[in-house]
Amino acid sequence: MLSGEKYFANDKVLTAERTKAKKLLHQINVTEYMMNANTRNNLRALLPNSHKRLYIEPPFHCDYGYNIYSGENVYFNVNCVVLDTMKITIGNNVFFGPGVHIYTATHPLDAVERRTIEFSKPVVIGNDCWIGGNSVICPGVTIGNCCVIGAGSVVTKNIPDNSLAVGNPAKVIRELNK
């Protein structure tokens, strides 16, 4: 899975790891539902590869958690979904609007093959980015440093540094001040 090879998502080990993540997410999203000491401890357990200066507004959803690598001062607004079947790298000072989805998991185009396997592609988001609400970042995408992704955009291709990108599919509409 982590190498980008095809894998069986219902493998016993992967299922157990997702179950562990869901139990921590239940604590974050239901039991606590606010940022406090218990939530911070659960976030550290769920996201061991993320900086301690990470803030998440519940509810939040992810597959495994340990594939999310974030820098400091990262903020996820409510209802964000991060399908982290492969490494997701998030820089420093990155803000996600409500309802942002980040996908690494993808599926074969062949219908028969799709019944049993999937594969993944990494996602990278640079430093000092703002991802507008209800945006979708697709598998394999890299968003450069100092970018803004407009609300509701679907990012299917790489976005260069210092860009404002909007739309479905997202297109760079102008360069931002460096």
Side-chain angles (χ1 to χ4, degrees), residues 1-2 7-107 114-125 127-141 143 148-155 168:
M1 178 178 81
L2 296 176
Y7 64 93
F8 178 58
N10 290 327
D11 173 83
K12 289 180 184 180
V13 172
L14 295 178
T15 300
E17 289 177 354
R18 284 193 309 273
T19 299
K20 179 182 174 186
K22 284 184 187 304
K23 288 178 181 179
L24 289 166
L25 286 164
H26 184 270
Q27 292 296 312
I28 293 164
N29 292 335
V30 178
T31 305
E32 298 300 330
Y33 204 72
M34 63 183 68
M35 193 58 76
N36 59 34
N38 291 335
T39 302
R40 288 195 189 287
N41 288 334
N42 286 323
L43 280 174
R44 277 193 283 281
L46 179 66
L47 307 170
N49 296 310
S50 290
H51 193 278
K52 65 181 180 179
R53 287 195 58 212
L54 168 80
Y55 191 91
I56 293 176
E57 285 287 347
F60 175 81
H61 302 279
C62 66
D63 284 328
Y64 301 96
Y66 58 76
N67 289 324
I68 302 169
Y69 292 73
S70 80
E72 66 178 305
N73 197 31
V74 171
Y75 174 82
F76 283 94
N77 209 321
V78 297
N79 293 319
C80 288
V81 175
V82 181
L83 301 185
D84 63 316
T85 56
M86 184 174 267
K87 186 174 183 179
I88 296 172
T89 305
I90 301 167
N92 298 317
N93 307 308
V94 177
F95 305 110
F96 296 93
V100 169
H101 288 205
I102 303 171
Y103 306 142
T104 60
T106 189
H107 304 274
R114 193 169 50 240
R115 293 177 192 164
T116 57
I117 60 172
E118 60 186 61
F119 61 99
S120 302
K121 297 178 181 179
V123 168
V124 177
I125 300 168
N127 296 315
D128 299 297
C129 291
W130 173 25
I131 313 299
N134 291 313
S135 292
V136 174
I137 301 170
C138 292
V141 165
I143 297 173
V148 175
I149 307 299
S153 295
V154 179
V155 185
N168 180 4

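It should be emphasised that the depicted structure is a prediction, and the values quoted were computed from it without experimental measurement. Scope of the values below: all heavy atoms of this structure, side chains included, with no hydrogens, waters or symmetry mates.
- Considering Ile90, Ile102, Ile143 as possible partners of Ile131, the one that fulfils the side chain to side chain contact (heavy atoms under 4.5 Å, CB included) test is Ile143.
- We find the CZ-CG distance between Phe60 and Leu24 to be 12.0 Å, quoted to the nearest 0.5 Å.
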What do the steps show when you test Met1 against Tyr64 for side-chain contact (heavy atoms from CB on, under 4.5 Å), and what is the final call?
CA-CA 12 Å; Met1 178 178 81; Tyr64 301 96; 3.9 Å; yes
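- The minimum heavy-atom distance linking Ile88 with Leu83 is given by the pair CD1-O, 4.1 Å.
- Using a 4.5 Å cut-off on side-chain heavy atoms (C-beta onward), Leu46 and Cys62 make contact.
- The shortest side-chain heavy-atom distance between Phe76 and Val82 falls under the 4.5 Å cut-off.
- From Glu57, atom CD reaches atom CE of Met35 across 7.5 Å, with rounding to the nearest 0.5 Å.
- Atom CZ in Arg40 sits 8.5 Å away from atom CG in Leu54 (nearest 0.5 Å).
- Between atom CG of residue Leu14 and atom OH of residue Tyr7 there is a gap of 7.5 Å, rounded to the nearest 0.5 Å.
- Between Ile117 and His107, the closest heavy-atom pair is O-ND1, 4.2 Å.
- In this structure, SG on Cys129 lies 8.5 Å from CD1 on Ile137, to the nearest 0.5 angstrom.
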Test side-chain contact (heavy atoms from CB on, under 4.5 Å) applied to Thr19 and Lys22, step by step
CA-CA 5 Å; Thr19 299; Lys22 284 184 187 304; 5.6 Å; no
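- A donor and an acceptor atom, one from each side chain of Asn93 and Asn73, are located under 3.5 Å apart.
- With hydrogens and angles ignored, the 3.5 Å screen pairs no side-chain donor or acceptor of Ser153 with any backbone N or O of Gly132.
- Checked by atom type and distance alone, the side chain of Asn134 never pairs as donor or acceptor with a backbone atom of Ala151 at under 3.5 Å.
- A distance-only check finds no donor-acceptor pair linking the side chain of Arg53 to the backbone of Asn92 [under 3.5 Å].
- Among pairs with a residue in residues 75-89, those fulfilling side chain to side chain donor-acceptor pair (under 3.5 Å) read Thr85-Thr104, Thr85-Ser120, at least two apart in sequence or across chains.
- Taken to the nearest 0.5 Å, the CG atom of Asn67 stands 10.5 Å off from the CG atom of Leu47.
- You'll find the side chain of Arg18 reaches within 4.5 Å of the side chain of Thr15, heavy atoms only.
- Ring-plane geometry between Tyr103 and His101 is classed as perpendicular, the angle between the planes exceeding 60 degrees on a 0 to 90 degree scale with a lower cut at 30.
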